[in-house]
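Predicted, not measured: the structure shown is a model, and the values here were computed from it.
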Amino acid sequence: MKAFKYLIFIFISAFAVSCAYDNYDEPESQLTGKIVYNGEPLGLSVGEVSFQLYEPGWQLKAPINVTIAADGSYSALLFDASYKLIIPQNQGPFRNIPVNGSDTIVVDLRGKTVKDIEVMPYYMVRNPQFSASGRKVTATFKAEKIITDANAKSIERVNLYVNKTTLVDNRNEYKIKEASLNGSAITNPDNITLSLDVPDITPTQNYVFARVGIKISGVEKMIFSPVQKINL
Amino acid sequence: MKKHNILLFLMLTLLVWSCKDDEFLNRKPVNVLNEDQVWTNASVALNVLVDLYDRNNEYQRTDKWYEFTNFDEAFPSAAGDYGRARIGDFGYGDWADWDYGYIRELNMFIEKCSKATKMDDQNERVRMVAEARFLRAVNYFEKVKRMGGVPLILEVMTYNYSGDPSYLRHARAKESDIYDFVIAELDTVKSLLPNSASEKSRASKAAALAVQSRAALYAASIARYGATTPEVSLPGGEVGIPAAKAEGYYQKALAAAQEIITDGKYSLYQKNPDLQENFAAVFYDEDNNNEAILVRDYKLKSGKIVGFTLVNQPWSGAEDLEGGRLNPSLNLVQSFEKLDNTAASLDIRNGNDFVYYNSLTDIFAGRDARLGGTVILPGTKFKGKPVDIWAGYMLADGTKVTANTYAGKGRLPGKTEDQQVVGYDGPINSLEFTAQTGFYVRKYMDPNPGSGMRGPQSGLWWIQYRYAEVLLNAAEAAFELNQPALAATYMNQVRARAGLTTPLTAGEITFDRIVHERKVELAFEGHILWDLKRWRLAHKVWNGQAVNLTTNPMKADEPSTRPFGLWPYKYYNPGNPNDGKYVFEVVVPREVTNSRRFRMGNYYSNINDGIIASNPLLVRNPNQN
């Protein structure tokens, strides 16, 4: 019995001691912002595009990956420091805008900071309109070519995606149905129409979320319109 | 107190003894060999080399059956591996290899063996140095396939304890530099290696040439087809080869292959007049097999045995309580072309009705003999025992009567007794060891008795390089060098052995043909990933879309993201002329719930942060986070 008491005492003291140690302050400075073109946020795929933050001066040189949400926004909880922000090449459906010949953006983080990052998208989805009649969803939009110089790329295809939730993109887990149109079949990029029939959904719901996207040839990740809820 | 004294006394005596004798610390160890013993005796040094042979890192091999199921070639019918059927995005770190410990040991072997002038057999010493250099070249080829250009370390690096190890850091070489090194190194060692076709498990001259031909071909196609994916490159050339170099590499690949061909020591295996059996025997007949060039050998009762037959044997005839794991997909099966040199899907539907077959094998009749040599089809035999693959009864109204256990029973309408309504080998969804795609694998299955038992297992080799691949390398290189007639000559030899006796003309050799021929000839031999990578087709074939089975199996860039199955049913409709015949259905096995997606960042594997942190000279591979 005595041994048991000792054991309990040791256990309790172990807990008491371990609490005193190794507690760093948690990161408290929030870095938020959007990936924008002329102030307008880009529509991206779900959690697929990210950028990197490096904090120079430490022994290890590993980046902090910050994932960009589908609506172009991002946020990260960090420590106060001077970070170097890099968007790796071919990371998203856009090109970086170099500042003084460098694609590194210095972020001086002191407390809560909002930092929008300007980029040059290859295309923008303009004026997306969604409508539904019965279970047929129709979308019209304009594909505006933003980069027109030597780096310009053509449209591989355009798509309309619908999903049960607000997470919508080209991957299987984020779509229940898609409509596709090849780039060569687009006659007027100012007025592209896509439509599809929404399949039966279990459990039944009388709405879906839809998005149109542009797949640019030679660029892996697509650019999208904002997500739109559609009542059927 | 007395006790205490005794203890003290004992301790003191112990100390006194152990200090007394100097020889105690200088005794020769009996469990390890020291340097002198190794480098004076060739047969002992060979043991070191054998370990180095064994550690060459290959992806997809018979001792790792599950790696064959990571793509669209096969489905894993084992509960613990269903995750492979559900692969969506391939990981950026998949297939990474940064094992420089192995390179260091190879370098050490080369250095020490080169200096071992006291070795009893000097000819053997020269040969072993050449073999170690061969292995080093092979491993750099393995690394460049996976990572792109890597640091090229050709000496044993030693730390001088100065407190600053940064001088040991080396930057990545260009991708083309590594290929150039591999090609040049093999040119040097090939004349030092024995030129004998009976030398298979150790490197021979032909092995060096075969590796060289494959490596040059990879480099060439990366140079040529890399132009279609400009984003898969780095400004320093660590990834990506300039298109201008393609021509030279193709010439090298062709020359190396032709050196083996004209030497005439190797030939296609053609001992058995039954062409299907003959193709299977290429892989299980180890006796005077003139096709195998370099093999990884196993031996019965030696401790180095392989369980490929054990884990993949048909469940109905299994010699032990396992089998049936690797199920080839319909995607692969339908790729085997018809004997008139055309490719087509299997005939399953006739308008709105099924096509009715008298026997299970009829649907596969008139196809490439390699089909039966690669895959155990329903209605055929393995080790003399028929496999029992049929999914159930199909009634006239389309409903199915089946059961969910091996050879399960059920009742047909109008009958009074239960009867077997599904094959002993399935196919049954989510029931491991049944042929969930409708097929079992045949290639590399050992027909000897006992090979399916857990105790003995199999001593069957794994062929790393064989003559048919050399011919196909030559054909591809010749085609790319605008010599289609020569390409046809080489390719027709491989096809004739498979029963495709109508030769292809020069005009019929296309890029799609080359891709297709390698797919069917070299299935389950560890080629699919590297081939699709070097042609820059991987992101098109595994594009992540849940596409249906293609109807054009000959087309090289046709998407194929999920393994499909082909399930046979017995048609039950008494009185109907088709009663008792077989009908077939294309299915997606239930465990396949996702579509494979190969992203641009998968072309070259991720170098992890730990490696980069300790060597900041390394640049990261493109298109990854």
Verify the neighbour count for atom NZ of K215(A): are there more than 12 heavy atoms of other residues, nucleotides or ligands below 6.0 Å? yes
Evaluate whether atom NZ of K177(A) has more than 12 neighbouring non-hydrogen atoms of other residues, nucleotides or ligands under 6.0 angstrom away. yes
Gap separating the CZ atom of R171(A) from the CG atom of N594(B), nearest 0.5 angstrom: 10.5 Å
Heavy atoms of E220(A) and F598(B) approach each other most closely as OE2-O, 4.5 Å
Salt-bridge test for E231(B) and K153(A): reply yes if a basic N is under 4.0 Å from a carboxylate O, no otherwise. no
For the student: nearest non-hydrogen atoms of S595(B) and N172(A), plus distance: OG-ND2, 2.9 Å
If you count the non-hydrogen atoms of other residues, nucleotides and ligands that lie under 6.0 Å from CG in N100(A), is the total more than 12? no
Determine whether a donor-acceptor pair (N or O, by modelled atom type, separation under 3.5 Å) exists between the side chain of D609(B) and the backbone of P63(A). no
Heavy-atom count around Y161(B) OH within 6.0 Å, excluding the residue itself: above 12? no
More than 12 foreign heavy atoms under 6.0 Å from NZ of K174(B): is that the case here? no
Point-to-point distance, once rounded to the nearest 0.5 Å, from NZ of K221(A) to CE of M600(B): 11.0 Å
Does the side chain of S180(A) reach to within under 4.5 Å of the side chain of Q545(B), using non-hydrogen atoms? no
Exceeds 12 heavy-atom contacts within 6.0 angstrom, atom NZ of K245(B): yes
